[in-house]
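Structure, as structure tokens:
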Amino acid sequence: MSEELRPSARIEAAGWIGPRLGGQFGAARRTVPGGFAAYARIFHPAGDHTWAEVAAATGRRAHPLMQWHALVGLPDPYSSRDPLWDGDRPELGLLEPDTFARLRTVLARHTGTANTCWFGLWEGYGGVDIPPAAAALPLVELPGRAYLLLGGALEAAWPHWFSGQSPNLCWPQDRAWCVASEIDFDSTLVAGSSALIGELLRAPGLEVTAIGPDDSLAFDADRINAPPGSAGSPDAGTRGRSWPRWWRSR
């Protein structure tokens with residue numbers, strides 16, 4: 001088995017994804033394909049902290065559709081206000097290595113083709129030192145994004161030349177699941193079987209929630225954590241509040 005992913009011209013391997021993307025603006029199935037039995041959202045860590053811990057610290061509420069800017073008391077992602085949280089923020093468009101390794105371990109148990117998988121890397125990364133021959137290859141074209149296609153075993157999913165960047169797309173040859181780390185998202189979406197999503201919800205070291213394919217992850221989708229001082233803002237009594245059983249925090 002190869003220990004490296006190899007750039008590939010076989011862009012037809014991704015041909016099934018585009019026709020299954022759709023829904024209203026912000027819908028999960030605009031990022032991962034529709035038609036799967038279950039969906040999950042993996043929150044990228046805020047340094048050493050989970051989003052639930054940040055929510056407890058800022059007096060916000062952890063819930064499946066929470067948005068980072070709302071969690072730290074800002075009206076939108078581009079606000080110049082001082083946030084309620086002065087610690088690290090989640091990375092956009094990537095899972096850090098430990099988190100990705102935990103996800104990969106679970107994914108491998110829910111496909112019959114873990115040794116034959118496909119990966120998409122967004123074409124716009126400047127710091128990724130791709131093999132020279134890859135520059136001439138066709139790209140996987142999806143709405144609003146284009147990706148270099150790579151093939152190989154799931155366990156090889158982070159070549160040294162990725163330069164700290166996890167794959168933006170990942171799926172096995174048998175299409176048992178699909179994973180997307182959209183470049184502008186601070187969470188990763190997983191579409192797959194109910195068994196896969198159920199195991200992810202129980203997996204240690206991952207902060208995961210179940211979502212629906214049409215749930216919105218748009219910047220204004222957090223209707224619970226209103227900006228401080230507004231009519232819908234949670235008060236100090238929500239600090240340390242527990243969350244329902246669908247929630248899994250590392």
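Between His110 and Glu199, the closest side-chain pair of non-hydrogen atoms falls below 4.5 Å. Taking 4.5 Å as the limit, some side-chain heavy atom of Leu65 sits within range of a side-chain heavy atom of Ile211. Using a 4.5 Å heavy-atom threshold, the side chains of Asp88 and Pro45 count as separate. Under the 4.5 Å side-chain criterion, counting only non-hydrogen atoms from C-beta, Val190 is in contact with Leu196. Considering only heavy atoms from C-beta on, Pro7 comes within 4.5 Å of Pro131 through its side chain. Side-chain contact check for Phe43 versus Pro90: every heavy-atom pair is 4.5 Å or farther apart. Between Tyr125 and Ile183, some side-chain heavy-atom pair lies under the 4.5 Å cut-off.
Note on Leu94 and Leu154: separate hydrophobic clusters, where clusters join Ile, Leu, Val, Met, Phe, Trp and Tyr whose side-chain heavy atoms are under 4.5 Å apart, directly or indirectly. Placement of Trp122 and Ile11 within a single hydrophobic cluster is found when ILVMFWY residues are connected by side-chain heavy-atom separations under 4.5 Å, directly or transitively. Both Leu189 and Tyr39 sit in one connected hydrophobic cluster of ILVMFWY residues. Membership requires side-chain heavy atoms under 4.5 Å apart, directly or through other members.
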Determine, stepwise, if the pair Ile42 / Leu103 fulfils side-chain contact (heavy atoms from CB on, under 4.5 Å).
CA-CA 9 Å; Ile42 301 174; Leu103 170 60; 3.7 Å; yes
For side-chain contact (heavy atoms from CB on, under 4.5 Å), just list the numbers for Cys170 and Trp177, CA-CA rounded to whole Å, side-chain angles, deciding distance to a tenth of an Å, and then say yes or no.
CA-CA 8 Å; Cys170 176; Trp177 41 258; 3.6 Å; yes
Could you go through the side chain to side chain donor-acceptor pair (under 3.5 Å) check for Arg41 and Thr209 one step at a time?
CA-CA 5 Å; Arg41 182 185 184 193; Thr209 182; over 6 Å; no
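Listed by first and then second residue, the side chain to side chain donor-acceptor pair (under 3.5 Å) pairs that reach into residues 9-21 come to none, sequence neighbours excluded.
Classification of Arg104 and Glu155 as a salt-bridged pair fails, no side-chain N sitting under 4.0 Å from a carboxylate O. Here Glu182 pairs with Arg145 in a salt bridge; the nearest charged N to carboxylate O distance falls below 4.0 Å.
In this structure, CG on Leu217 lies 5.5 Å from CZ on Phe185, to the nearest 0.5 angstrom. Annotation: the span from Ser216 atom OG to Arg223 atom CZ amounts to 7.5 Å, rounded to 0.5 Å. Interatomic distance, CG of Asp186 versus CG of Leu92, reported as 6.0 Å (0.5 Å rounding). With rounding to the nearest 0.5 angstrom, the CD atom of Glu4 is 10.0 Å from the CG atom of Leu150. For the atom pair OG of Ser166 and CG of Leu95, the computed distance is 5.0 Å after rounding to the nearest 0.5 Å. Residue Leu206 holds its CG atom at 10.0 Å from CG of Leu201, rounded to the nearest 0.5 Å.
A donor atom on one side chain and an acceptor atom on the other are found under 3.5 Å apart for His44 and Thr188. Using modelled atom types and a 3.5 Å distance limit, the side chains of Asp222 and His69 yield no donor-acceptor pair.
The main-chain N or O of Ala56 is never found under 3.5 Å from a side-chain atom of Arg60 such that the two would form a donor-acceptor pair. Looking only at distances, a side-chain donor or acceptor of Thr58 sits under 3.5 Å from a matching main-chain atom of Leu71. Using a distance-only test at 3.5 Å, with no hydrogens or angles considered, a donor-acceptor pair links the side chain of Asn225 to the main chain of Arg61.
Taking all atoms of both residues into account, the shortest heavy-atom contact from Ala180 to Leu169 is CB-CD2, 3.8 Å. When all heavy atoms of Cys117 and Thr113 are compared, the pair lying nearest together is SG-O, 3.6 Å. Of all heavy-atom pairs spanning Arg102 and Pro204, the tightest one is CD-O, 3.5 Å. Heavy atoms only, all atoms of each residue included: Gly152 and Phe119 are closest at O-CE1, 3.8 Å. Counting all heavy atoms, side chain and backbone alike, Ala13 lies closest to Trp118 at CB-CE2, 3.6 Å. The shortest non-hydrogen separation linking Leu74 to Ser79 is CD2-OG, 4.0 Å.
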Which donor-acceptor pairs under 3.5 Å do the side chains of residues 25-37 make with protein atoms, sequence neighbours left out?
from: Arg29; atom 1: NE; to: Asp214; atom 2: OD1; distance (Å): 2.6
from: Arg29; atom 1: NH2; to: Asp214; atom 2: OD1; distance (Å): 3.3
from: Arg30; atom 1: NH1; to: Gly23; atom 2: O; distance (Å): 2.9

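Residues Trp68 and Trp51 bring their aromatic ring centres within 6.0 Å.
Of the candidates Asn168, Ile17, Leu121, Tyr147 forms a side-chain contact (heavy atoms from CB on, under 4.5 Å) with just one, namely Asn168.
Counting heavy-atom neighbours within 6.0 Å of Phe219 CZ, excluding the residue itself, gives a total of 12 or less. Within 6.0 Å of CD in Gln165 there are more than 12 heavy atoms belonging to other residues, nucleotides or ligands.
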